[in-house]
2 protein chains.
Amino acid sequence: MARDGKPTRAKILAESKTLVFENGFSGTSIDQILARTGITKGAFFYHFKTKNALAQALIEEFARDDIGHMQEALQKTGELHSDPLDRLLQFIQEFVDLMSDLEDPPSCLYASYTYEPSQFEPEILEFISETLLTWRKTFEQLLENVLKEYNTKVEVDIAALSNLFTVIFEGSYVVSKALNDPALISGQLKELKNYFHLLFEKK
Amino acid sequence: MARDGKPTRAKILAESKTLVFENGFSGTSIDQILARTGITKGAFFYHFKTKNALAQALIEEFARDDIGHMQEALQKTGELHSDPLDRLLQFIQEFVDLMSDLEDPPSCLYASYTYEPSQFEPEILEFISETLLTWRKTFEQLLENVLKEYNTKVEVDIAALSNLFTVIFEGSYVVSKALNDPALISGQLKELKNYFHLLFEKK
DNA sequence: ATATATATACAGACTAGACGGTACAAATAT
DNA sequence: ATATTTGTACCGTCTAGTCTGTATATATAT
(Lines give C-alpha, C1' and ligand atoms only; values in the text may rest on other atoms or scores of the structure.)
Protein backbone atom coordinates (compact mmCIF):
# COMPACT_ATOMS: atom_id res chain seq x y z
CA MET A 1 0.00 0.00 0.00
CA ALA A 2 0.91 3.67 -0.20
CA ARG A 3 -0.50 7.08 0.55
CA ASP A 4 -4.17 7.56 -0.17
CA GLY A 5 -4.65 8.74 -3.75
CA LYS A 6 -8.32 9.59 -3.51
CA PRO A 7 -7.87 13.26 -2.54
CA THR A 8 -5.51 13.72 -5.49
CA ARG A 9 -7.96 12.16 -7.88
CA ALA A 10 -10.79 14.24 -6.45
CA LYS A 11 -8.78 17.44 -6.79
CA ILE A 12 -8.01 16.66 -10.42
CA LEU A 13 -11.68 16.04 -11.16
CA ALA A 14 -12.87 19.17 -9.39
CA GLU A 15 -10.42 21.56 -11.00
CA SER A 16 -10.76 19.93 -14.39
CA LYS A 17 -14.49 20.43 -14.35
CA THR A 18 -14.04 24.12 -13.61
CA LEU A 19 -11.45 24.44 -16.36
CA VAL A 20 -13.59 22.63 -18.91
CA PHE A 21 -16.41 25.06 -18.25
CA GLU A 22 -14.03 27.96 -18.83
CA ASN A 23 -12.05 26.65 -21.80
CA GLY A 24 -13.94 23.73 -23.22
CA PHE A 25 -12.42 20.27 -23.06
CA SER A 26 -9.95 20.54 -25.92
CA GLY A 27 -9.10 24.05 -24.76
CA THR A 28 -8.11 22.69 -21.38
CA SER A 29 -4.53 21.44 -21.29
CA ILE A 30 -3.19 18.98 -18.79
CA ASP A 31 -0.51 21.51 -17.86
CA GLN A 32 -3.29 23.90 -16.87
CA ILE A 33 -4.79 21.26 -14.63
CA LEU A 34 -1.40 20.63 -13.07
CA ALA A 35 -0.86 24.34 -12.47
CA ARG A 36 -4.22 24.73 -10.72
CA THR A 37 -3.93 21.65 -8.58
CA GLY A 38 -0.21 21.71 -7.86
CA ILE A 39 -0.15 18.08 -8.91
CA THR A 40 2.59 16.74 -11.17
CA LYS A 41 2.38 15.01 -14.49
CA GLY A 42 3.36 11.69 -13.01
CA ALA A 43 0.52 11.84 -10.55
CA PHE A 44 -1.98 12.89 -13.20
CA PHE A 45 -1.18 10.06 -15.57
CA TYR A 46 -1.14 7.65 -12.71
CA HIS A 47 -4.79 8.43 -12.04
CA PHE A 48 -5.89 8.84 -15.67
CA LYS A 49 -4.27 6.87 -18.47
CA THR A 50 -5.18 9.46 -21.08
CA LYS A 51 -6.86 12.84 -21.28
CA ASN A 52 -9.90 11.07 -22.64
CA ALA A 53 -10.07 8.85 -19.58
CA LEU A 54 -10.39 12.08 -17.61
CA ALA A 55 -13.25 13.13 -19.89
CA GLN A 56 -15.03 9.90 -19.11
CA ALA A 57 -14.51 10.15 -15.36
CA LEU A 58 -15.74 13.75 -15.45
CA ILE A 59 -18.96 12.97 -17.26
CA GLU A 60 -19.64 9.93 -15.08
CA GLU A 61 -19.27 11.97 -11.93
CA PHE A 62 -21.40 14.74 -13.38
CA ALA A 63 -24.15 12.33 -14.37
CA ARG A 64 -24.07 10.62 -11.00
CA ASP A 65 -24.68 13.93 -9.25
CA ASP A 66 -27.29 14.89 -11.81
CA ILE A 67 -29.32 11.70 -11.56
CA GLY A 68 -28.84 11.93 -7.80
CA HIS A 69 -30.66 15.25 -7.79
CA MET A 70 -33.42 13.73 -9.86
CA GLN A 71 -33.90 10.82 -7.52
CA GLU A 72 -33.82 13.04 -4.49
CA ALA A 73 -36.56 15.21 -5.95
CA LEU A 74 -38.56 12.14 -6.89
CA GLN A 75 -38.32 10.77 -3.38
CA LYS A 76 -39.15 14.05 -1.67
CA THR A 77 -42.21 14.69 -3.82
CA GLY A 78 -43.35 11.10 -3.74
CA GLU A 79 -43.75 11.22 0.00
CA LEU A 80 -45.81 14.36 0.17
CA HIS A 81 -48.25 14.50 -2.69
CA SER A 82 -51.13 12.24 -3.47
CA ASP A 83 -52.27 14.36 -6.41
CA PRO A 84 -50.08 13.65 -9.45
CA LEU A 85 -50.24 17.21 -10.80
CA ASP A 86 -49.23 18.61 -7.42
CA ARG A 87 -46.38 16.19 -7.43
CA LEU A 88 -45.24 17.18 -10.92
CA LEU A 89 -45.34 20.85 -10.01
CA GLN A 90 -43.51 20.26 -6.76
CA PHE A 91 -40.92 18.17 -8.58
CA ILE A 92 -40.12 21.16 -10.76
CA GLN A 93 -40.22 23.44 -7.71
CA GLU A 94 -37.43 21.40 -6.17
CA PHE A 95 -35.20 22.54 -9.01
CA VAL A 96 -36.45 26.09 -8.83
CA ASP A 97 -35.24 26.03 -5.22
CA LEU A 98 -31.98 24.34 -6.17
CA MET A 99 -31.32 27.04 -8.77
CA SER A 100 -32.21 29.99 -6.58
CA ASP A 101 -29.58 32.27 -5.06
CA LEU A 102 -26.79 31.16 -7.37
CA GLU A 103 -23.81 33.46 -7.39
CA ASP A 104 -22.55 32.47 -10.81
CA PRO A 105 -24.23 30.87 -13.80
CA PRO A 106 -23.73 27.12 -13.62
CA SER A 107 -22.75 24.96 -16.58
CA CYS A 108 -23.74 21.57 -17.90
CA LEU A 109 -21.14 19.07 -18.99
CA TYR A 110 -23.62 17.40 -21.36
CA ALA A 111 -23.92 20.63 -23.33
CA SER A 112 -20.21 21.28 -23.13
CA TYR A 113 -19.36 17.88 -24.63
CA THR A 114 -22.21 18.08 -27.12
CA TYR A 115 -20.73 21.22 -28.65
CA GLU A 116 -17.36 19.58 -29.35
CA PRO A 117 -18.48 16.01 -30.01
CA SER A 118 -15.48 14.92 -32.05
CA GLN A 119 -13.28 15.17 -28.96
CA PHE A 120 -14.96 12.22 -27.27
CA GLU A 121 -15.34 8.51 -27.80
CA PRO A 122 -18.76 7.46 -29.09
CA GLU A 123 -19.45 5.69 -25.78
CA ILE A 124 -19.21 8.98 -23.95
CA LEU A 125 -21.69 10.64 -26.29
CA GLU A 126 -24.03 7.67 -25.97
CA PHE A 127 -23.75 7.82 -22.22
CA ILE A 128 -24.90 11.45 -22.33
CA SER A 129 -27.77 10.49 -24.59
CA GLU A 130 -28.83 7.71 -22.23
CA THR A 131 -28.67 9.99 -19.23
CA LEU A 132 -30.92 12.53 -20.93
CA LEU A 133 -33.29 9.72 -21.81
CA THR A 134 -33.43 8.79 -18.14
CA TRP A 135 -34.71 12.28 -17.43
CA ARG A 136 -37.25 11.94 -20.21
CA LYS A 137 -38.49 8.61 -18.91
CA THR A 138 -38.97 10.07 -15.47
CA PHE A 139 -41.02 12.90 -16.89
CA GLU A 140 -43.03 10.55 -19.04
CA GLN A 141 -43.95 8.65 -15.93
CA LEU A 142 -44.87 11.77 -13.98
CA LEU A 143 -46.97 13.04 -16.90
CA GLU A 144 -48.74 9.75 -17.46
CA ASN A 145 -49.78 9.73 -13.84
CA VAL A 146 -51.19 13.22 -14.30
CA LEU A 147 -53.06 12.19 -17.43
CA LYS A 148 -54.89 9.45 -15.54
CA GLU A 149 -56.69 12.08 -13.51
CA TYR A 150 -56.50 15.13 -15.76
CA ASN A 151 -57.36 16.14 -19.29
CA THR A 152 -55.31 18.63 -21.29
CA LYS A 153 -56.92 21.80 -22.51
CA VAL A 154 -55.15 21.56 -25.84
CA GLU A 155 -53.78 18.55 -27.65
CA VAL A 156 -50.23 17.88 -26.59
CA ASP A 157 -47.36 15.73 -27.72
CA ILE A 158 -46.47 13.74 -24.63
CA ALA A 159 -42.97 12.98 -25.91
CA ALA A 160 -42.29 16.67 -26.54
CA LEU A 161 -43.65 17.55 -23.11
CA SER A 162 -41.35 14.98 -21.53
CA ASN A 163 -38.33 16.65 -23.09
CA LEU A 164 -39.37 20.15 -22.19
CA PHE A 165 -37.85 20.12 -18.71
CA THR A 166 -34.42 19.14 -19.98
CA VAL A 167 -34.71 21.54 -22.88
CA ILE A 168 -35.52 24.45 -20.60
CA PHE A 169 -32.76 23.45 -18.24
CA GLU A 170 -30.13 23.28 -20.97
CA GLY A 171 -31.37 26.44 -22.61
CA SER A 172 -31.38 28.30 -19.30
CA TYR A 173 -27.81 27.31 -18.67
CA VAL A 174 -26.69 28.61 -22.05
CA VAL A 175 -28.59 31.88 -21.85
CA SER A 176 -27.75 32.45 -18.21
CA LYS A 177 -24.06 32.04 -19.03
CA ALA A 178 -24.25 34.22 -22.11
CA LEU A 179 -26.07 37.01 -20.28
CA ASN A 180 -24.23 36.40 -17.02
CA ASP A 181 -27.58 36.20 -15.26
CA PRO A 182 -27.67 33.31 -12.77
CA ALA A 183 -31.17 34.20 -11.62
CA LEU A 184 -32.58 33.46 -15.05
CA ILE A 185 -32.66 29.72 -14.57
CA SER A 186 -35.16 29.52 -11.75
CA GLY A 187 -37.33 32.04 -13.58
CA GLN A 188 -37.51 29.84 -16.65
CA LEU A 189 -38.37 26.76 -14.63
CA LYS A 190 -41.21 28.70 -13.05
CA GLU A 191 -42.61 29.32 -16.51
CA LEU A 192 -42.55 25.60 -17.10
CA LYS A 193 -44.53 25.15 -13.90
CA ASN A 194 -47.00 27.75 -15.12
CA TYR A 195 -47.42 25.91 -18.38
CA PHE A 196 -48.22 22.62 -16.68
CA HIS A 197 -50.49 24.42 -14.27
CA LEU A 198 -52.50 25.88 -17.15
CA LEU A 199 -52.41 22.80 -19.31
CA PHE A 200 -54.20 20.31 -17.13
CA GLU A 201 -57.76 20.30 -15.83
CA LYS A 202 -59.32 17.74 -13.51
CA LYS A 203 -61.36 15.08 -15.24
CA MET B 1 -6.54 44.61 -58.25
CA ALA B 2 -5.92 40.90 -58.40
CA ARG B 3 -8.05 37.78 -58.30
CA ASP B 4 -11.24 38.04 -56.34
CA GLY B 5 -10.71 36.89 -52.75
CA LYS B 6 -14.35 36.80 -51.68
CA PRO B 7 -15.02 33.17 -52.64
CA THR B 8 -11.94 32.14 -50.67
CA ARG B 9 -13.09 34.05 -47.63
CA ALA B 10 -16.58 32.62 -47.93
CA LYS B 11 -15.28 29.08 -48.22
CA ILE B 12 -13.14 29.56 -45.12
CA LEU B 13 -16.11 30.85 -43.16
CA ALA B 14 -18.45 28.09 -44.29
CA GLU B 15 -16.09 25.21 -43.59
CA SER B 16 -14.88 26.73 -40.33
CA LYS B 17 -18.41 26.95 -39.03
CA THR B 18 -18.99 23.28 -39.77
CA LEU B 19 -15.70 22.36 -38.12
CA VAL B 20 -16.40 24.45 -35.02
CA PHE B 21 -19.69 22.63 -34.55
CA GLU B 22 -17.87 19.31 -34.74
CA ASN B 23 -14.75 20.09 -32.73
CA GLY B 24 -15.40 23.27 -30.81
CA PHE B 25 -13.39 26.37 -31.64
CA SER B 26 -10.17 25.52 -29.84
CA GLY B 27 -10.49 21.96 -31.09
CA THR B 28 -10.53 23.22 -34.65
CA SER B 29 -7.05 23.76 -36.06
CA ILE B 30 -6.22 26.02 -38.95
CA ASP B 31 -4.60 23.08 -40.68
CA GLN B 32 -7.94 21.28 -40.54
CA ILE B 33 -9.61 24.25 -42.19
CA LEU B 34 -6.95 24.28 -44.89
CA ALA B 35 -7.37 20.57 -45.50
CA ARG B 36 -11.14 20.89 -45.92
CA THR B 37 -11.07 23.94 -48.12
CA GLY B 38 -7.95 23.19 -50.14
CA ILE B 39 -6.83 26.70 -49.31
CA THR B 40 -3.27 27.40 -48.21
CA LYS B 41 -1.94 29.03 -45.11
CA GLY B 42 -0.92 32.18 -46.89
CA ALA B 43 -4.44 32.70 -48.18
CA PHE B 44 -5.95 32.00 -44.77
CA PHE B 45 -3.80 34.51 -42.93
CA TYR B 46 -4.30 37.03 -45.67
CA HIS B 47 -8.06 36.98 -44.99
CA PHE B 48 -7.83 36.59 -41.21
CA LYS B 49 -4.96 38.08 -39.27
CA THR B 50 -5.37 35.63 -36.39
CA LYS B 51 -7.49 32.64 -35.51
CA ASN B 52 -9.44 34.91 -33.22
CA ALA B 53 -10.25 37.24 -36.09
CA LEU B 54 -11.89 34.23 -37.71
CA ALA B 55 -13.90 33.66 -34.54
CA GLN B 56 -15.15 37.20 -34.73
CA ALA B 57 -16.05 36.99 -38.42
CA LEU B 58 -17.85 33.70 -37.79
CA ILE B 59 -20.00 35.02 -35.00
CA GLU B 60 -20.80 38.20 -36.88
CA GLU B 61 -21.97 36.26 -39.89
CA PHE B 62 -23.95 33.90 -37.70
CA ALA B 63 -25.64 36.77 -35.88
CA ARG B 64 -26.41 38.56 -39.12
CA ASP B 65 -28.23 35.50 -40.43
CA ASP B 66 -29.90 34.96 -37.07
CA ILE B 67 -31.21 38.49 -36.72
CA GLY B 68 -32.13 38.32 -40.39
CA HIS B 69 -34.47 35.42 -39.64
CA MET B 70 -35.94 37.38 -36.78
CA GLN B 71 -36.65 40.41 -38.90
CA GLU B 72 -38.07 38.35 -41.69
CA ALA B 73 -40.49 36.68 -39.29
CA LEU B 74 -41.40 40.06 -37.82
CA GLN B 75 -42.12 41.46 -41.22
CA LYS B 76 -44.15 38.49 -42.41
CA THR B 77 -46.32 38.38 -39.31
CA GLY B 78 -46.68 42.14 -39.10
CA GLU B 79 -48.39 42.23 -42.45
CA LEU B 80 -50.96 39.56 -41.78
CA HIS B 81 -52.19 39.80 -38.24
CA SER B 82 -54.11 42.56 -36.57
CA ASP B 83 -54.53 40.59 -33.34
CA PRO B 84 -51.31 40.74 -31.30
CA LEU B 85 -51.68 37.24 -29.86
CA ASP B 86 -52.23 35.79 -33.32
CA ARG B 87 -49.14 37.59 -34.41
CA LEU B 88 -47.06 36.28 -31.51
CA LEU B 89 -48.18 32.73 -32.20
CA GLN B 90 -47.55 33.07 -35.91
CA PHE B 91 -44.14 34.54 -35.19
CA ILE B 92 -43.23 31.38 -33.34
CA GLN B 93 -44.83 29.29 -36.06
CA GLU B 94 -42.43 30.80 -38.55
CA PHE B 95 -39.61 29.13 -36.64
CA VAL B 96 -41.52 25.90 -36.26
CA ASP B 97 -41.66 25.86 -40.05
CA LEU B 98 -38.01 26.82 -40.38
CA MET B 99 -37.02 23.96 -38.08
CA SER B 100 -39.19 21.32 -39.72
CA ASP B 101 -37.76 18.64 -41.98
CA LEU B 102 -34.19 19.08 -40.84
CA GLU B 103 -31.92 16.23 -41.80
CA ASP B 104 -29.36 16.85 -39.07
CA PRO B 105 -29.52 18.62 -35.73
CA PRO B 106 -28.39 22.22 -36.21
CA SER B 107 -26.04 24.04 -33.87
CA CYS B 108 -25.82 27.51 -32.41
CA LEU B 109 -22.56 29.40 -32.39
CA TYR B 110 -23.67 31.44 -29.37
CA ALA B 111 -23.88 28.27 -27.31
CA SER B 112 -20.68 26.89 -28.77
CA TYR B 113 -18.72 30.00 -27.80
CA THR B 114 -20.48 30.27 -24.45
CA TYR B 115 -19.19 26.86 -23.44
CA GLU B 116 -15.55 27.80 -24.03
CA PRO B 117 -15.63 31.50 -23.15
CA SER B 118 -11.94 31.90 -22.34
CA GLN B 119 -11.07 31.33 -25.99
CA PHE B 120 -12.63 34.60 -27.08
CA GLU B 121 -12.08 38.30 -26.59
CA PRO B 122 -14.53 39.92 -24.20
CA GLU B 123 -16.00 41.94 -27.10
CA ILE B 124 -17.08 38.73 -28.79
CA LEU B 125 -18.84 37.49 -25.68
CA GLU B 126 -20.50 40.86 -25.26
CA PHE B 127 -21.60 40.81 -28.85
CA ILE B 128 -23.33 37.48 -28.21
CA SER B 129 -24.96 38.90 -25.12
CA GLU B 130 -26.22 41.91 -27.04
CA THR B 131 -27.59 39.76 -29.82
CA LEU B 132 -29.53 37.64 -27.36
CA LEU B 133 -30.85 40.83 -25.79
CA THR B 134 -32.08 41.90 -29.22
CA TRP B 135 -34.18 38.77 -29.30
CA ARG B 136 -35.45 39.48 -25.82
CA LYS B 137 -36.39 43.04 -26.72
CA THR B 138 -38.33 41.83 -29.73
CA PHE B 139 -40.26 39.41 -27.58
CA GLU B 140 -40.88 42.04 -24.93
CA GLN B 141 -42.45 44.18 -27.59
CA LEU B 142 -44.58 41.39 -28.97
CA LEU B 143 -45.71 40.46 -25.48
CA GLU B 144 -46.48 44.00 -24.44
CA ASN B 145 -48.71 44.36 -27.45
CA VAL B 146 -50.52 41.21 -26.41
CA LEU B 147 -50.93 42.47 -22.85
CA LYS B 148 -52.71 45.59 -24.06
CA GLU B 149 -55.61 43.43 -25.22
CA TYR B 150 -55.22 40.33 -23.08
CA ASN B 151 -54.97 39.37 -19.44
CA THR B 152 -52.88 36.47 -18.22
CA LYS B 153 -54.57 33.63 -16.38
CA VAL B 154 -51.71 33.39 -13.91
CA GLU B 155 -49.24 35.99 -12.80
CA VAL B 156 -46.23 36.00 -15.07
CA ASP B 157 -42.78 37.48 -15.12
CA ILE B 158 -42.66 39.38 -18.39
CA ALA B 159 -38.85 39.38 -18.47
CA ALA B 160 -38.75 35.62 -17.98
CA LEU B 161 -41.39 35.15 -20.67
CA SER B 162 -39.33 37.27 -23.05
CA ASN B 163 -36.34 34.98 -22.59
CA LEU B 164 -38.30 31.78 -22.95
CA PHE B 165 -38.14 31.65 -26.74
CA THR B 166 -34.36 31.90 -26.79
CA VAL B 167 -34.08 29.48 -23.88
CA ILE B 168 -36.19 26.87 -25.64
CA PHE B 169 -34.30 27.40 -28.85
CA GLU B 170 -30.91 26.97 -27.23
CA GLY B 171 -32.08 24.04 -25.14
CA SER B 172 -33.63 22.35 -28.17
CA TYR B 173 -30.39 22.63 -30.06
CA VAL B 174 -28.44 21.03 -27.23
CA VAL B 175 -30.89 18.20 -26.63
CA SER B 176 -31.51 17.60 -30.31
CA LYS B 177 -27.75 17.25 -30.88
CA ALA B 178 -27.26 15.05 -27.83
CA LEU B 179 -30.13 12.73 -28.80
CA ASN B 180 -29.48 13.09 -32.53
CA ASP B 181 -33.13 14.00 -33.00
CA PRO B 182 -33.51 16.95 -35.40
CA ALA B 183 -37.31 16.81 -35.22
CA LEU B 184 -37.22 17.68 -31.53
CA ILE B 185 -36.75 21.39 -32.09
CA SER B 186 -39.99 22.18 -33.85
CA GLY B 187 -41.82 20.07 -31.29
CA GLN B 188 -40.46 22.14 -28.42
CA LEU B 189 -41.37 25.41 -30.13
CA LYS B 190 -44.91 24.11 -30.53
CA GLU B 191 -45.08 23.65 -26.77
CA LEU B 192 -44.09 27.29 -26.38
CA LYS B 193 -46.94 28.21 -28.70
CA ASN B 194 -49.29 26.11 -26.59
CA TYR B 195 -48.15 27.89 -23.45
CA PHE B 196 -48.82 31.33 -24.88
CA HIS B 197 -52.11 30.10 -26.27
CA LEU B 198 -53.22 28.96 -22.82
CA LEU B 199 -51.76 31.88 -20.93
CA PHE B 200 -53.71 34.76 -22.43
CA GLU B 201 -57.41 35.51 -22.37
CA LYS B 202 -59.14 38.41 -24.10
CA LYS B 203 -59.87 41.38 -21.84
C1' DA C 1 9.02 -5.54 17.84
C1' DT C 2 11.61 -4.98 13.84
C1' DA C 3 13.58 -5.64 9.30
C1' DT C 4 12.16 -6.64 4.72
C1' DA C 5 9.28 -6.99 0.71
C1' DT C 6 5.77 -5.02 -2.21
C1' DA C 7 2.18 -2.53 -4.29
C1' DT C 8 0.61 2.13 -4.47
C1' DA C 9 1.32 6.95 -5.31
C1' DC C 10 3.94 10.61 -6.95
C1' DA C 11 8.02 13.51 -9.08
C1' DG C 12 9.92 15.56 -13.03
C1' DA C 13 12.83 15.39 -17.22
C1' DC C 14 12.04 14.24 -21.85
C1' DT C 15 10.03 13.45 -26.70
C1' DA C 16 7.67 13.67 -31.10
C1' DG C 17 4.33 15.92 -33.26
C1' DA C 18 0.78 19.57 -33.69
C1' DC C 19 -0.15 24.28 -32.96
C1' DG C 20 -0.69 29.30 -34.44
C1' DG C 21 1.76 32.42 -36.78
C1' DT C 22 5.57 34.55 -40.05
C1' DA C 23 8.41 35.49 -44.17
C1' DC C 24 8.64 36.05 -48.54
C1' DA C 25 8.39 34.54 -53.18
C1' DA C 26 5.13 33.61 -56.99
C1' DA C 27 0.97 34.27 -59.40
C1' DT C 28 -2.95 36.92 -61.03
C1' DA C 29 -5.86 40.61 -62.71
C1' DT C 30 -6.31 45.41 -63.84
C1' DA D 1 3.47 48.28 -63.51
C1' DT D 2 1.28 47.44 -59.42
C1' DA D 3 -1.79 46.15 -55.75
C1' DT D 4 -3.97 42.10 -54.36
C1' DT D 5 -4.11 37.28 -53.57
C1' DT D 6 -2.04 32.79 -52.96
C1' DG D 7 1.80 29.05 -52.17
C1' DT D 8 5.21 27.06 -49.22
C1' DA D 9 8.90 26.64 -46.21
C1' DC D 10 9.84 27.60 -41.71
C1' DC D 11 9.85 28.93 -36.42
C1' DG D 12 9.15 28.84 -31.49
C1' DT D 13 5.82 27.19 -28.32
C1' DC D 14 2.66 24.12 -26.48
C1' DT D 15 0.59 19.51 -26.54
C1' DA D 16 -0.42 14.80 -24.75
C1' DG D 17 1.95 11.22 -23.33
C1' DT D 18 6.37 8.32 -21.72
C1' DC D 19 10.05 6.95 -18.90
C1' DT D 20 12.78 6.22 -14.97
C1' DG D 21 13.22 6.79 -10.52
C1' DT D 22 11.62 7.70 -5.62
C1' DA D 23 8.78 8.05 -1.51
C1' DT D 24 5.24 5.98 1.45
C1' DA D 25 2.24 2.91 3.78
C1' DT D 26 1.02 -1.73 4.69
C1' DA D 27 1.77 -6.87 4.88
C1' DT D 28 4.69 -10.50 6.20
C1' DA D 29 8.42 -13.14 8.28
C1' DT D 30 11.34 -13.57 11.89
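Reminder, nothing fancy here: chain letters follow the sequence lines and each chain counts from 1.
The separation between B:Ile33 atom CD1 and C:dC19 atom P is 11 Å, rounded to whole Å. For A:Arg9 and C:dC10, the CZ to P distance is 12 Å, given to the nearest whole Å. Atom-to-atom, CG of A:Leu34 to C1' of D:dC14 comes out at 13 Å; the value is rounded to the nearest Å. Regarding A:Gln32, its CD atom lies at a distance of 14 Å from the C1' atom of D:dT13, rounded to whole Å. Taking atom CZ of residue A:Phe25 and atom C1' of nucleotide D:dT15, one finds them 13 Å apart after rounding to whole Å. If you take CG of A:Asn23 and P of D:dC14, they are 15 Å apart, rounded to a whole angstrom.
Listed by first and then second residue, the salt bridge (charged side-chain N to carboxylate O under 4.0 Å, His left out) pairs involving residues 41-56 of chain B are B:Asp31-B:Lys41 (not counting sequence neighbours).
The phosphate of C:dC10 (OP1 or OP2) has a side-chain N or O of A:Thr8 nearer than 4.0 angstrom. Listed pair A:Ser29 / D:dC14 fails the phosphate criterion, with no side-chain N or O lying under 4.0 Å from OP1 or OP2.
Under the side chain to side chain donor-acceptor pair (under 3.5 Å) criterion, B:Asp83 pairs with B:Tyr150, B:Lys202, sequence neighbours left out. For B:Phe21, the ring pair (Phe, Tyr, Trp, His ring centres under 6.0 Å) criterion is met by no residue, not counting sequence neighbours. For B:Phe196, the ring pair (Phe, Tyr, Trp, His ring centres under 6.0 Å) criterion is met by no residue, not counting sequence neighbours. Taking the side chain to side chain donor-acceptor pair (under 3.5 Å) definition, one finds that A:Glu116 meets it with A:Ser26, sequence neighbours left out.
Nucleotide D:dC19 has C:dG12 as its partner under the Watson-Crick or G-U criteria, with both atom distances under 3.5 Å.
Within residues 37-53 of chain A, the residues that place at least one heavy atom under 4.0 Å from DNA chain D are, in residue-number order, A:Lys41, A:Phe45, A:Thr50, A:Lys51.
Residue contacts shown for B:Thr28 are limited to sugar-phosphate atoms, with no base heavy atom under 4.0 Å away.
With respect to the salt-bridge test (charged N to carboxylate O, under 4.0 angstrom), the residues A:Glu22 and A:Arg36 qualify.
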